[in-house]
Amino acid sequence: MSENSFPHLSNGNKKTALVEGDNKYSYGEVNNRIDRFATGLLNGKDDLREERIAFFIPASLDYVTTMHGIWRAGGIAVPLNVASAVAELDHYLSSASVTRMVANGDYQESLRGLCAELNIELVSVDDVLADDIRELPEIIPDRRAMMLFTSGTTNKPKGVVSTHKTINAQITTLIDAWSWSEEDVIPLFLPVHHIHGIINILSCGLWAGATVHLYSKFDIPKITSEIIDGTYNVFMAVPTIYVKLIQYFDTIDKEQVDKICDGFRPMRLNISGSAACPVKLFNQWKELTGQILLERYGMTEIGMGISNPYDAERRAGHVGQPLPGVEAQLFDEDDNLITEENTPGEIRIKGDNVFLEYWDNEKATIESFKDGWFCTGDVAVLDDGYYRIMGRSSIDIIKSGGYKLSALEIEGVLLTHPSVSEVAVIGVEDETWGESVLAFIGLNDGAELKYDDLKKWCDGKMSSYKIPKDIKIIDALPRNAMGKVTKPDLKKLV
Ligand code: MCA
Ligand code: AMP
């Protein structure tokens, strides 16, 4: 994907690309700024040759400038979670061998110590922007473009590397399947270190020539006031956002609720994904707004894989069929292809949308593929022509608020608390968050532990959404004959 692949990002295009607060930026302005940023990054070199450049910037013009500037200059973009704890950042930056970090204002200040320690050059967007534009390198599609960190069944997140070709495929399948056009106007309030915010909303929007309204967080009053004004015609979110909107309706008067729902009603599309959308929520949303949520299934390693149709039945509790250009099949535990309906199997995916590799982790990359298929670890059935997700093969992966969390990563942090002798973390069903994090904790002799103290102690060691929402003190964790904690037994105690 060279930048020309985003057909609307061209000089002189006056169409509004981005809206940030009271400011509007045209495609032409954004394009020029990206070229200036890329020129500044190169600083006389002809190509960044896959230098890893991280950035710690919320959704904004500066974010778009940085991401595309790195791409145009031939680097690998490493967008970071601006809500990360320092310990998490240390892992991301070290494992990706990041050499430069872009951050502005207070964000920059918060990173100064860590960057100095890791010998990373810390710059702001303004520091980099060049006054004029030099020739930029030719980028072939197979070049590495982006690294996103994802949690898995190990205690450290892995860097998922996608190429320009991968990103191109992830975007274009959605442009077709969801009928994106220049007429579209969409709010972006999800974090921009994950596929949902980066590809499905921001990149599809910019590729299609649409207008993307940028928010640094999910600001319900501001966003709903734009919805009342009829600003948006497309809305994409994780199920927790729809739950939070419905909860918000309970706190405001009926007339206001009606206005917001009337703002949703004429939209051409409302999408839910990143976690299971409960049938109850699907029905509530339809009742309130008339919108039939389009649920789709994706993963950091594959972008979007399976989606309900835009123009045909959108079935509650189901994620639909493989997207154009994506192959999906179910396999049983012996790697046999499942062809019958209603037989559970692991979803495996092939296509240009699939990532290249886990960064610097050949073993994990090899283990995640079988016969060329990427193994998602998600279990599904085919039910009357539509895939239905049953759950995940690993109990150690939790989906909370749309974030994928590793139980082992959280356990690793909790175990360092001086009062804790053993710990097991599980996800428990939660109406708002989908799943919430619960920790079973065994204490050292004579030790005591209050939840609030543990919560405080976790601050700065992990992002707030990973901190257990509750703890249960237990005499001894249930273990099997091999000494392994039997988490299904813990689930029965909840
Ligand atoms: C936040 N809190 C939580 C959680 N998150 N409590 C329990 N479980 C959680 N998961 C608590 C905070 O600690 C805080 O508590 C209070 O809620 C408010 O926190 P805040 O961060 O302000 O919450 P929020 O703004 O309401 O955030 C909810 C959110 C956010 C907007 C839904 O979680 C979010 O943006 N989720 C989306 C993540 C996403 O984009 N995932 C896509 C990745 P206290 O007040 O006590 O301090 S998956 C993906 O990309 C794949 C490819 C796909 O398929 O899409
Ligand atoms: P992540 O690794 O953060 O990209 O999260 C990807 C995971 O989110 C998938 O492997 C699924 O477990 C889950 N997921 C995404 N979309 C859905 C959906 N519509 N229904 C159920 N689970 C989903």
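Hydrogens, waters and symmetry mates play no part in the numbers below; they use all other heavy atoms, side chains included. Just follow the structure's listing: the first ligand is 1, and inside any ligand the first atom is 1.
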Open item on the list: Looking at ligand 1, would Arg296 count as a contact under a 4.0 Å heavy-atom criterion?
Closed with: yes

- [ ] Within a distance under 4.0 Å of any heavy atom of Lys244, pick out the atoms of ligand 1 and give their elements.
- [x] 26 (O)

Open item on the list: Applying a heavy-atom cut-off of 4.0 Å, say which part of Ile467 lies close to ligand 1: side chain, backbone, both or neither.
Closed with: neither

Task: ligand 1 contacted by Lys469 (non-hydrogen, < 4.0 Å) - done: yes

- [ ] Give the numbers and elements of all ligand 1 atoms closer than 4.0 Å to a heavy atom of Gly298.
- [x] 52 (C), 54 (O)

Task: ligand 1 contact on Thr240 by region, counting heavy-atom pairs under 4.0 Å - done: side chain

Task: Part of Met299 with heavy atoms under 4.0 Å of ligand 1, whether side chain, backbone, both or neither - done: backbone

Task: Any N or O of Glu295 closer than 3.5 Å to N or O of ligand 2 - done: yes

Open item on the list: With a sphere of 6.0 Å drawn around NZ of Lys286, does it hold more than 12 non-hydrogen atoms of other residues, nucleotides or ligands?
Closed with: no

Task: Closest candidate by heavy atom, reference atom 23 (O) of ligand 1, pool Tyr242, Tyr465, Trp433 - done: Trp433

Task: Close approach, Pro191 and ligand 1, non-hydrogen under 4.0 angstrom - done: yes

TODO: Taking atom CG of Asp371 as the centre, report whether more than 12 heavy atoms of other residues, nucleotides or ligands fall under 6.0 Å from it.
DONE: no

- [ ] For the pair Trp285 and Phe264, name the ring-plane relationship: parallel under 30°, tilted 30 to 60°, perpendicular over 60°.
- [x] perpendicular

Open item on the list: For Thr300, which part has a heavy atom under 4.0 Å from ligand 2: side chain, backbone, both, or neither?
Closed with: both

Open item on the list: Please check whether Asp378 reaches ligand 2 - meaning an N/O of the residue sits under 3.5 Å from an N/O of the ligand, judged on distance alone.
Closed with: yes

Open item on the list: Looking only at protein heavy atoms, which one is nearest to atom 47 (O) of ligand 1, and what is the separation?
Closed with: Lys455 NZ, 4.1 Å

- [ ] Check Lys217 against ligand 1 and report side chain, backbone, both or neither, counting heavy atoms closer than 4.0 Å.
- [x] neither

Task: Atoms in ligand 2 with a heavy atom of Arg392 nearer than 4.0 Å - done: 12 (O)

Open item on the list: Between ligand 1 and Gln170, can you find any atom pair, the residue atom being a heavy atom, that is separated by under 4.0 Å?
Closed with: no

- [ ] Have a look at ligand 2 and work out which part of Ala275, if any, has a heavy atom under 4.0 Å from it: side chain, backbone, both or neither.
- [x] backbone

Open item on the list: If the cut-off is 4.0 Å to any non-hydrogen atom of Arg296, which atoms of ligand 2 fall inside it?
Closed with: 16 (N), 18 (C), 19 (N)

Task: Nearest non-hydrogen protein atom, atom 14 (N) of ligand 2 - done: Ser274 O, 3.4 Å

Task: Protein heavy atom at shortest distance from atom 2 (O) of ligand 2 - done: Lys404 CD, 2.8 Å

Task: Backbone or side-chain N or O of His194 under 3.5 Å from ligand 2 N or O - done: no

TODO: Give the contacting part of Ser274 toward ligand 1: side chain, backbone, both or neither, where contact means a heavy-atom distance below 4.0 Å.
DONE: both

Open item on the list: List ligand 1 atoms under 4.0 Å from Gly402, heavy atoms only on the residue side.
Closed with: 41 (N), 42 (C), 43 (C), 48 (S)

Open item on the list: Suppose we measure from atom 30 (C) of ligand 1 to each protein heavy atom; which comes out shortest, and what is that distance?
Closed with: Tyr403 CE1, 4.1 Å

- [ ] Could you see which bit of Glu301 sits under 4.0 Å from ligand 2, with heavy atoms only: side chain, backbone, both or neither?
- [x] neither

Open item on the list: Give the atom numbers and elements of ligand 1 that come within less than 4.0 Å of a heavy atom of Thr300.
Closed with: 52 (C)

- [ ] Would you confirm whether the ring centroid of Tyr297 sits within less than 6.0 angstrom of the ring centroid of Tyr387?
- [x] no

- [ ] For atom 6 (C) of ligand 2, grab the closest protein heavy atom and report residue, atom and distance to one decimal in Å.
- [x] Gly298 O, 3.4 Å

Task: Those atoms of ligand 1 less than 4.0 Å from some heavy atom in Met304 - done: 52 (C), 53 (C), 54 (O), 55 (O)

- [ ] Can you sort out which atoms of ligand 2 are near Val319, meaning under 4.0 Å from one of its heavy atoms?
- [x] 19 (N)

